There are 2 protein chains.
Amino acid sequence: MARSMHVRRPATLASLAAELGVSRTTVSNAYNRPDQLSPELRRRVLETARRLGYPGPDPVARSLRTRKAGAVGLLLTENLSYAFRDPAAIGFLEGLALACEDAGQGLLLVPANPEREDVAAVHRAGVDGFVVYSVPDDDPHLAAVLERPVPTVVCDQPDLDNVDRVGIDDQAAMHSLAQHLIALGHRRVGVVCMRLARDRNDGFVTRERRESAHFHVQRSRLAGLAQAFAAVGVDWSAVPVVERFDHTIASGASAAAQVLDSDPQITALICTSDILALGAMGEAERRGLRVPHDLTVTGFDGIREAEQAGLTTVRQPVLEKGRAAGKLLLDSAERSRPRSVTLATELVHGSTAAPPRGTAEERWFGP
Amino acid sequence: MARSMHVRRPATLASLAAELGVSRTTVSNAYNRPDQLSPELRRRVLETARRLGYPGPDPVARSLRTRKAGAVGLLLTENLSYAFRDPAAIGFLEGLALACEDAGQGLLLVPANPEREDVAAVHRAGVDGFVVYSVPDDDPHLAAVLERPVPTVVCDQPDLDNVDRVGIDDQAAMHSLAQHLIALGHRRVGVVCMRLARDRNDGFVTRERRESAHFHVQRSRLAGLAQAFAAVGVDWSAVPVVERFDHTIASGASAAAQVLDSDPQITALICTSDILALGAMGEAERRGLRVPHDLTVTGFDGIREAEQAGLTTVRQPVLEKGRAAGKLLLDSAERSRPRSVTLATELVHGSTAAPPRGTAEERWFGP
DNA sequence: ATGAAAGCGCTAACAA
DNA sequence: TTGTTAGCGCTTTCAT
């Protein structure tokens with residue numbers, strides 16, 4: 001019953017003040033500055049409030065007045081719910097949530113459907129700042145965020161003038177993974193990568209598309225590969241690179257199939273994420289290819305599932321990324337010039353990479 | 001550069017109107033009702049806005065005026081970041097996010113630290129409604145939510161007058177799991193459960209504490225067990241029930257150890273969550289107890305990790321719970337009287353439950 | 001098609 | 001300790 005009374009606009013601070021015969025300031029103080037009025041008066045105010053069903057100061061009106069929303073907005077590239085399916089995204093969210101709760105700030109997940117151009121949700125978000133996580137660099141939602149007069153931190157994005165940034169060195173990390181494979185003797189390789197732009201392109205990637213990819217992370221990782229292999233004389237333009245729009249294990253499997261069909265002679269399948277790599281391993285198994293004996297498979301991210309599978313990959317501190325992004329956003333101090341945080345990564349030597357079959361190395365290391 | 005200009009309060013709708021020599025209404029219309037003014041004028045407005053660095057109508061001011069925040073608040077029992085570590089909570093979040101994005105609403109994670117009594121975050125949340133997920137029934141944050149004049153949906157909570165509810169029948173589900181164990185021949189059992197109240201009590205649970213547990217879900221599950229076993233003559237007050245505050249695999253393991261130490265003769269360890277059960281299985285292994293040959297272990301939830309481990313458990317539709325909660329909240333239709341949604345559960349016959357050792361059943365089924 | 005007037009509910013100087 | 005005054009920035013009838 002109490003509830004149903006509340007549902008239609010109940011008392012306001014002003015009406016409470018009138019009822020009590022005090023000023024609005026006093027009522028406001030009763031809630032926000034208990035030390036500014038006598039305990040007795042405060043008690044009376046609060047009691048009358050309860051009697052009238054006054055729910056306390058309206059948060060929106062307060063936000064308007066104080067210019068503080070008490071929340072941080074998060075913009076992701078995917079449907080909101082996707083974030084809860086991708087282990088790396090979950091780790092990022094956990095870190096960001098950690099930073100937010102430390103600061104007593106809410107975390108608003110902005111429903112920015114990448115398929116619609118509708119950026120209204122960004123405009124509507126009542127937040128004190130934004131964290132933007134891994135969206136394409138030409139995403140209109142990102143543009144909308146940057147137009148908002150609030151601080152912003154981007155993560156896994158290219159450097160932007162005057163915007164704080166958190167990330168890793170994707171290119172260097174992938175470069176060192178590539179060098180590991182090169183040292184093992186791999187020269188004929190294939191690549192499976194995540195979506196490179198907003199349009200769906202489930203298939204081979206042209207050099208043009210690869211180099212102008214709108215996802216910073218993917219572009220950088222591919223660049224690291226190209227750089228490392230080109231340095232040892234591999235004609236990178238001949239290497240099959242297959243892209244998938246959906247980031248799922250099934251996508252990884254089908255992409256792996258496409259690469260293997262196009263060149264059955266490859267000795268290593270390099271995937272730009274662990275999820276894709278797990279799918280690739282499934283496909284290898286399906287074809288009777290033993291990993292790593294017949295085929296080397298590598299991933300990127302270092303998610304738990306990959307670790308369990310013994311995947312050779314690059315581990316990146318996803319939780320730390322989220323936390324760092326939150327901290328950067330919430331540390332009002334030294335917001336003078338844009339800051340940039342680059343976190344360390346680690347090459348994980350799993351059990352899915354070995355020398356190619358029939359090489360001299362194999363004779364040394366065994367199959 | 002553009003950014004730094006924006007950071008200090010830029011133009012407002014009024015200043016833009018002044019600059020253009022039109023009324024605020026017109027500027028407002030340019031953004032919200034494009035059909036209400038000539039394309040030419042609208043173009044001029046938008047262009048001038050860009051030139052002045054006007055970021056569009058302030059969302060908070062708009063919310064105040066329209067009485068719509070465009071977001072749903074989520075209150076959980078745990079530190080915010082916990083939600084991203086618990087598979088069941090993640091599933092719930094995914095479902096809720098799904099419902100929110102369908103409706104174009106944001107999802108605000110409210111930083112309600114359960115250790116502090118500070119409910120300010122609830123008061124501060126600029127949302128059109130709340131979803132409350134599995135908090136203790138005496139949680140002050142919950143009370144604060146209920147005082148807010150916005151619709152609320154509770155999930156995994158006891159029925160509340162005039163509040164929509166989503167959940168499962170925890171008691172019945174656990175009852176049927178118990179009956180399964182009883183049918184297998186188990187009579188001497190132990191129980192591991194999650195926290196029962198806001199205070200930490202890592203240890204045995206008194207009957208008093210069990211029956212007055214403040215977490216609806218745990219209380220119901222324990223009640224289902226007690227009911228089923230008492231019905232076959234088991235003296236439930238003699239059954240060791242061990243509680244853990246932290247919901248982790250490690251907690252499950254240590255609680256299992258405590259139960260097994262207190263009564264090494266038990267033939268089944270019933271856990272009120274899969275996470276705890278996974279820990280219990282680890283502890284069994286550590287003691288050289290084969291599951292299910294030497295010890296039956298069961299869980300609750302049906303998370304993926306449990307499925308992989310072959311756990312005998314109850315599967316509940318966590319994603320659907322989240323989605324249903326969101327839908328209920330966002331369907332303004334028929335908000336006349338409180339609605340209640342009870343979703344179905346399913347007993348999962350895994351490989352961790354078998355007849356007790358040395359029973360007649362075992363001689364039939366084999367060890 | 002455009003404008004004037006009237007707040008939405010609150011907080012923060014500043015006065016008393 | 002309490003009250004007065006002034007908006008925060010916007011939308012929305014209702015006129016014109």
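Just so we're clear, the structure is a prediction, and the values are computed from it rather than from any experiment. Chain letters run A, B, ... following the sequence lines, proteins first, then strands; residues in each count from 1.
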query: Roughly, in whole Å, what's the span from CZ in A/Arg67 to P in C/dA12?
result: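 In whole Å, C/dA12 P lies 13 Å from A/Arg67 CZ.
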task: Using the test ring-ring contact (aromatic ring centres under 6.0 Å, His included), find all partners of A/Tyr31 that sit at least two apart in sequence or belong to another chain.
output: A/Tyr54
- request: With sequence neighbours excluded, tell me which residues meet ring-ring contact (aromatic ring centres under 6.0 Å, His included) with A/Phe215.
  value: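 A/Phe215 satisfies ring-ring contact (aromatic ring centres under 6.0 Å, His included) with no residue once adjacent residues are dropped.
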task: Could you verify whether a donor N or O on one side chain and an acceptor N or O on the other, from B/Arg67 and B/Ser63, lie under 3.5 Å apart?
output: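 The answer is no; no qualifying pair exists.
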query: If each of B/Val22 and B/Leu64 is mapped to the nucleotide of DNA chain C with the nearest heavy atom, which maps nearer the 5' terminus, i.e. the 5' end?
result: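 Counting from the 5' end, the first nearest nucleotide belongs to B/Val22.
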message: What I want to find out is whether A/Arg85 reaches A/Glu78 closely enough, with some N-O distance under 4.0 Å, to be called a salt bridge.
response: no
- prompt: Salt-bridged, B/Arg43 to B/Glu47, with N to O below 4.0 Å?
  reply: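 Answer for the salt bridge query: yes.
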field: Residues within residues 38-47 of chain A bordering DNA chain C, heavy-atom distance below 4.0 Å
entry: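 None, since no heavy atom is under 4.0 Å.
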message: On a heavy-atom basis, which atom in B/Asp128 and which in B/Gln105 lie closest, and how many Å separate them?
response: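 Where B/Asp128 meets B/Gln105 most closely, the heavy atoms are OD2-OE1, 3.6 Å.
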- prompt: Does B/Pro140 have any side chain to side chain contact (heavy atoms under 4.5 Å, CB included) partners at least two apart in sequence or in another chain, and if so, which?
  reply: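 Side chain to side chain contact (heavy atoms under 4.5 Å, CB included) list for B/Pro140, sorted by chain: B/Glu117, B/Val119, B/Arg198.
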Does [Y] offer a backbone N or O that forms a donor-acceptor pair with the side chain of [X] under 3.5 Å?
X: B/Glu101; Y: A/Pro111; value: no
X: A/His141; Y: A/Ala120; value: no
X: B/Arg42; Y: B/Ala30; value: yes

message: Report for the helix from C/dA1-D/dT16 to C/dA16-D/dT1: angle between first-end and last-end helix axes, five pairs each, rounded to 10 degrees.
response: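 Overall, the helix from C/dA1-D/dT16 to C/dA16-D/dT1 bends by 20° from one end axis to the other.
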query: Which letters describe nucleotides 10-16 of chain D, given B = protein heavy atom under 4.0 Å from base, S = only from sugar-phosphate, - = neither?
result: BBB----
